[in-house]
K.L.:
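I have a structure here, written as structure tokens, and I will follow up with some questions on it.
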2 protein chains.
Amino acid sequence: MDNVNMTGLDSNTEQLILKAARSVFTNKGFDGARMQEIADVAGINKALLHYYFRSKDKLFEAIFKEVLNTVFPKIIAVLMSPLTLFEKIEKVSYNYIEMLKQNPDLAIFVFHEISRNPERLVGNFKNVGADFKIIQTQITKEAEAGIIIPIKAEHLIANLISLCVFPFIARPVLMGMSGMNKDEYDRFIEERKQIIPHTLITAIKK
Amino acid sequence: MDNVNMTGLDSNTEQLILKAARSVFTNKGFDGARMQEIADVAGINKALLHYYFRSKDKLFEAIFKEVLNTVFPKIIAVLMSPLTLFEKIEKVSYNYIEMLKQNPDLAIFVFHEISRNPERLVGNFKNVGADFKIIQTQITKEAEAGIIIPIKAEHLIANLISLCVFPFIARPVLMGMSGMNKDEYDRFIEERKQIIPHTLITAIKK
DNA sequence: ATATGATTTAACCAACTGGTCAAAGATATA
DNA sequence: TATATCTTTGACCAGTTGGTTAAATCATAT
């Protein structure tokens with residue numbers, strides 16, 4: 001069992017633990033995750049988990065922050081940028097799907113967290129600068145300019161996020177129901193980069 | 001602690017258990033649920049759970065079937081009926097949202113199950129008669145008739161389901177981010193009965 | 001009244017869980 | 001080489017969990 005890394009640089013025990021913990025937590029959720037399994041995946045003794053991170057909660061917290069900070073800032077930055085609404089919809093669809101393609105488990109992870117500790121999620125979003133009012137102002141402005149028909153920011157954002165995230169959460173069911181294989185599903189996901197912006201933009205374009 | 005029902009009819013111990021189990025399982029998921037908590041909620045001794053249902057798994061299975069059979073047949077029936085695509089989109093949006101309004105926890109429950117046992121879900125859906133090919137045939141026909149632009153059935157169904165379900169799963173986050181109170185959120189959900197069909201139909205209408 | 005079967009309970013158990021700890025290995029420093 | 005510090009380990013612990021069981025209670029028919 002050689003978990004030692006050849007370069008001897010970044011892959012120390014702590015990194016090993018974080019990687020294992022991320023895999024187990026995102027796949028099983030907090031309740032379903034076992035410290036022993038994380039230790040096994042990392043190839044180390046269970047006590048080491050508590051040596052580096054005091055407790056299961058603290059270890060989870062570390063993963064949680066890591067995940068949220070690699071995931072959401074980019075998307076929120078786009079939403080809060082001075083692009084047009086249409087451009088924002090296109091960019092978020094592309095970035096969000098691309099990111100989820102590389103980390104397919106993150107969607108389930110975040111949804112697990114919604115039912116376990118939604119307040120922390122909200123706090124984290126607000127911390128990164130997410131604010132519905134900015135989008136609402138932009139919608140009002142573009143509606144007055146005759147570009148779009150008015151819509152509540154909550155609806156637009158809910159539509160955008162749900163259309164991007166859902167296929168990653170429901171993947172097993174969608175694959176099972178449609179008979180798609182892995183390649184076909186990847187193509188399906190890729191197509192959504194076009195379909196989602198088309199759907200949302202067509203619906204609000206004047 | 002009077003759990004006895006006055007009518008003396010349907011609310012026997014078994015019903016009491018099912019009701020409690022449904023509440024606990026849907027809110028906490030299988031891993032997060034505790035048999036003791038279910039017993040407490042039902043106001044009975046924990047051993048009675050095992051008297052009526054052999055194990056936690058069996059009890060969960062009972063809830064799972066009950067939930068799926070009260071929830072999905074109606075929506076799938078609409079999708080498989082001889083209505084037009086636009087009518088189906090409108091009816092499913094309305095029925096699905098209305099059903100989730102009355103059972104807001106079901107969305108989270110089903111999503112928990114997707115990561116725990118997706119095969120069972122797929123099997124159940126197929127059992128109820130869900131079939132993507134029927135929708136695909138209809139799409140092709142209506143596209144050839146010049147009513148809509150062609151789209152994969154997988155995309156259309158994924159769009160429809162995700163737009164309906166997402167606000168119920170992400171409710172705490174959406175409320176926290178937007179500052180909506182409970183009444184405002186109910187209104188928000190109600191509005192989606194119009195917005196979802198509008199969004200999806202506008203996007204595929206020729 | 002009482003025998004009989006179904007229901008309910010308190011007490012208990014083995015397995016598992018997160019977490020601790022003392023001791024053993026490493027590693028660097030002197 | 002001796003020593004001090006950091007890392008890693010196996011053994012262990014207390015609390016929790018799903019599940020069992022023998023006895024008590026209740027209902028019902030005779």
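None of these values were measured; they are calculated from a predicted model. Just so it is clear: chains get the letters A, B, ... in the order the sequence lines come, proteins before strands, and each one is counted from 1.
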K.L.:
Restricting to side-chain hydrogen bond (donor to acceptor under 3.5 Å, both in side chains), what partner residues turn up for B/Q194, sequence neighbours left out?
P.N.:
none
K.L.:
Atom CD1 of B/I135 and atom CD of B/E154: how far apart are they, to the nearest 0.5 Å?
P.N.:
11.0 Å
K.L.:
Is A/D186 paired with A/K182 through a side-chain N to carboxylate O contact shorter than 4.0 Å?
P.N.:
yes
K.L.:
Can you tell me how the ring of A/F30 sits relative to the ring of A/F25, calling it parallel under 30°, perpendicular over 60° and tilted otherwise?
P.N.:
parallel
K.L.:
Under 4.0 Å from OP1 or OP2 of D/dT7: is there any side-chain N or O of A/T13 that close?
P.N.:
no
K.L.:
Less than 6.0 angstrom from the centroid, inside 45 degrees of the normal: does A/K152 satisfy that with respect to the ring of B/F188?
P.N.:
no
K.L.:
Can you list every salt bridge (charged side-chain N to carboxylate O under 4.0 Å, His left out) pair that touches residues 92-111 of chain A, not counting sequence neighbours?
P.N.:
A/E98-A/K193, A/K101-A/E190
K.L.:
With a 4.0 angstrom cut-off to heavy atoms of chain A, pull out the first and last contacting nucleotide of DNA chain C, in 5'-to-3' order.
P.N.:
C/dT17 to C/dC21
K.L.:
One character per nucleotide, please: for nucleotides 10-27 of chain D, 5' to 3', B when the base has a protein heavy atom closer than 4.0 Å, S when only the sugar-phosphate does, - otherwise.
P.N.:
B------SBBBB------
K.L.:
Would you mind classifying the nucleic acid contact of A/F53 as base, sugar-phosphate or nothing, using non-hydrogen atoms under 4.0 angstrom?
P.N.:
nothing
K.L.:
Only counting residues at least two apart or in another chain, list the ones meeting ring-ring contact (aromatic ring centres under 6.0 Å, His included) with B/F166.
P.N.:
none
K.L.:
Which residues pass the salt bridge (charged side-chain N to carboxylate O under 4.0 Å, His left out) test with A/R22, not counting sequence neighbours?
P.N.:
A/E66
